[in-house]
There are 4 protein chains.
Amino acid sequence: MTKNRLLAFSDGVFAILITILVLEFTVPQFQTGHLLTAMIKQWPILVAYIVSYFYVGTLWLFHHDYFQALKSIDRRLNLINLLMLFSITLINYPMALVAETISRENNNDIRIAFIAYAVIALFISGTFHILYRYTGKHPDLKSERMQQADFSKSRFDPLISMSLYVLAIISSLFLVPLGAIFLLAGIGFHFVAYLHLSNALGQK
Amino acid sequence: MTKNRLLAFSDGVFAILITILVLEFTVPQFQTGHLLTAMIKQWPILVAYIVSYFYVGTLWLFHHDYFQALKSIDRRLNLINLLMLFSITLINYPMALVAETISRENNNDIRIAFIAYAVIALFISGTFHILYRYTGKHPDLKSERMQQADFSKSRFDPLISMSLYVLAIISSLFLVPLGAIFLLAGIGFHFVAYLHLSNALGQK
Amino acid sequence: MTKNRLLAFSDGVFAILITILVLEFTVPQFQTGHLLTAMIKQWPILVAYIVSYFYVGTLWLFHHDYFQALKSIDRRLNLINLLMLFSITLINYPMALVAETISRENNNDIRIAFIAYAVIALFISGTFHILYRYTGKHPDLKSERMQQADFSKSRFDPLISMSLYVLAIISSLFLVPLGAIFLLAGIGFHFVAYLHLSNALGQK
Amino acid sequence: MTKNRLLAFSDGVFAILITILVLEFTVPQFQTGHLLTAMIKQWPILVAYIVSYFYVGTLWLFHHDYFQALKSIDRRLNLINLLMLFSITLINYPMALVAETISRENNNDIRIAFIAYAVIALFISGTFHILYRYTGKHPDLKSERMQQADFSKSRFDPLISMSLYVLAIISSLFLVPLGAIFLLAGIGFHFVAYLHLSNALGQK
């Protein structure tokens, strides 16, 4: 298994996933003559789609830069990658849950949906944590550029994002808006983590 | 992030998007024995699909030639590209709105659907405008061929198409058919813009 | 636009199309305890899927060998290719029509569905005919291998398959089973055409 | 047809298939305020998705290593590959059947669904058996590395997995849980077969 093959397959999964997310965003049920009202009520799915698109997009940027900087791929890295892609494909489900429950305006359901989103996000970050640990123990997989890079800033990034998602889960139990804030903070933090990585690797 | 990777990912998103547009074009509900009547009533979705297919196809041709002519990609260009792909994935939604509302023959709904299509198209052209501005300010990203090319004809293309879509939005408020004409003119203009670019880059 | 890019994009569209065809093949509506009966009644969609899968698969093999043998691509060839891909994406629709109408066992509807399938197939073959004519008039686009190849056997293949589809359309009007036979003959003939091309290009 | 093209197309089909499997995993029907109960009832689809994802993922790893080790591709290998991809695209259907029937808790339907899954899996393994036989008779298609590799351990792998699926089918007729165990054993065995192949080819 060459690195290029793994990247091509992963790019394919990311490209498909990011495109099928939009399939949730369909023509609403509406009474003839009242389309606009029905469309306005769709704001939750639009917001959920925007957030999820940029979430998956950031993960792709990160995944890409990271694997690009590896020198070679072994079998275990391949399996870790399959697990990572698995966790990311799940994001479609809680995205739709969040949109649907906000539309129905039931606080209990919204809580469940946010927790589901945070659990999947926690799972995704967990697979990145596994990736970091594995490559940390196998420096021979890294390119020279990566070995010499200063990862002091990004070392704890997966743990930070995992903590944010744990906080999102716990706080959702008591106060849904606080849970939502932690969830968004976690997603936003991925972009920070991407910048850390990208800077450490000296990319512009 | 190499240029080839960005192009492969973007080609993937374009290929998927252009193929899933057709998923809207499904077997109609029909009374047994009256399939033909039901199929004929589907003309709006066929027309909307044809227009949208060639719209996305033209955007792909354009996107491709443009990025092919760049020398390198930086992080911001990557983000602009993700925003551009985001805007293009949205086209499925107003395409389905236009088809559904024309089927129901309610003028108010048709107006909303055309405006929605024009708003998304305006957003798409806006991202191309951002792309033009960014590469204009960073000539080092351009290949030599692109730096020497005469872009005098295509300089204002994103602004022209944005103007057509603004006209489509405004005129739809008063006279839906006029809005439709401006919308089609805007979509058709993308092909002109592609020819401008392609000629400037000296491609056959 | 390089040839490789066009091929990668087209391969992407073929891969997506051939995979989403299977989405029509879903869990049937069934009364609990009577799944088997419901599954057996799905034979039309299974048959339609098998035929369409090998139809699109053959088109992909053909498309691939043909473009592989071209030396370069110009803008018009790009547009012909987009038109060809457009025609092929439409195949999902009549495939579902045929399956649905056979399930309902209404002869009039089945006739319409077969005619729709043949019309799309005729359109697809028509785009291949345009491709043949265009490259025939522009021998500079062909590789040396292709210029020296003996295409005497495959020269009329698009016209033969178009004739078969015209016969399928006409005979469906009078006798549906005869129309079905011509339709299957047309689809089967694509494989013969692929062998002609492949042999002419000296491929094993 | 070059080997790289075949691999790119196949990778595309695998990437799409593995991503659309998740489309079965959608927001459940639920009474407002009772989302959690409805989600918990979805466990069968989650389990079916997890199993099928790793099944297809393993097949991709295997397919990839195998074709990577071939030196060249001929027309028949191309057709065998199309047949193999066809068989794999079918997996979506029994996956959904298994999930749906377990949800409804009717033993007869569950039996049918497990048998359907095992039949498709048997078909898939059958295409791998055809692949093994074909390349066995055409050693010129193999790379030097592959010709010298010791395949004594993996020689009978397709036959072993086919036997497991036959056992799954037969035992499902009498005792559904036993059928399920053989089915899972068969799917798990693919990973063993992948390790055999990967070790024989000397990959880490």
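A note on names: the letters A, B, ... follow the listed sequences, proteins ahead of strands, and every chain is numbered from 1.
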> Contact part of B:Ile20 toward chain A, heavy-atom cut-off under 4.5 Å: side chain, backbone, both or neither?
Replying inline: side chain
>> Is any side-chain heavy atom of B:Arg75 closer than 4.5 Å to one of A:Asn199?
In response: yes
> So do B:Leu79 and A:Phe191 actually touch side chain to side chain, heavy atoms under 4.5 Å?
Replying inline: yes
> Given that the side chain runs from C-beta out, which part of A:Thr32 has a heavy atom under 4.5 Å from chain B: side chain, backbone, both or neither?
Replying inline: both
>> Using side-chain contact (heavy atoms from CB on, under 4.5 Å), reason through B:Leu90 and A:Phe25 one step at a time and then give a plain yes or no.
In response: CA-CA 9 Å; B:Leu90 293 175; A:Phe25 192 33; 4.2 Å; yes
> Heavy-atom distance under 4.5 Å to chain A: side chain of B:Ala15, backbone, both or neither?
Replying inline: neither
>> Between B:Ala8 and chain A, with a heavy-atom cut-off of 4.5 Å, which part of the residue counts as in contact: side chain, backbone, both or neither?
In response: neither
> What part of A:Gln31 is in contact with chain B, defined as an atom under 4.5 angstrom from a non-hydrogen atom: side chain, backbone, both or neither?
Replying inline: backbone
> Of the backbone (N, CA, C, O) and the side chain (C-beta and beyond), which part of A:Leu7 lies under 4.5 Å from a heavy atom of chain B, both, or neither?
Replying inline: both
> What part of B:Ser10 is in contact with chain A, defined as an atom under 4.5 angstrom from a non-hydrogen atom: side chain, backbone, both or neither?
Replying inline: neither
>> Do A:Phe30 and B:Glu100 have side chains that approach each other closer than 4.5 Å (heavy atoms only, starting at C-beta)?
In response: yes
>> Using side-chain contact (heavy atoms from CB on, under 4.5 Å), reason through B:Phe14 and A:Thr19 one step at a time and then give a plain yes or no.
In response: CA-CA 9 Å; B:Phe14 274 108; A:Thr19 317; over 6 Å; no
> At a heavy-atom separation under 4.5 Å, does A:Tyr66 approach chain B through its side chain, its backbone, both, or neither?
Replying inline: neither
> chain B heavy atoms under 4.5 Å from A:Val22: which part of the residue, side chain, backbone, both or neither?
Replying inline: side chain
> Does some side-chain heavy atom of B:Leu82 sit less than 4.5 Å from a side-chain heavy atom of A:Leu61?
Replying inline: yes
> Quick one: what part of A:Tyr53 sits under 4.5 Å from any heavy atom of chain B, side chain, backbone, both or neither?
Replying inline: side chain
> Is it the backbone or the side chain of B:Ile88 that comes under 4.5 Å from a heavy atom of chain A, or both, or neither?
Replying inline: neither
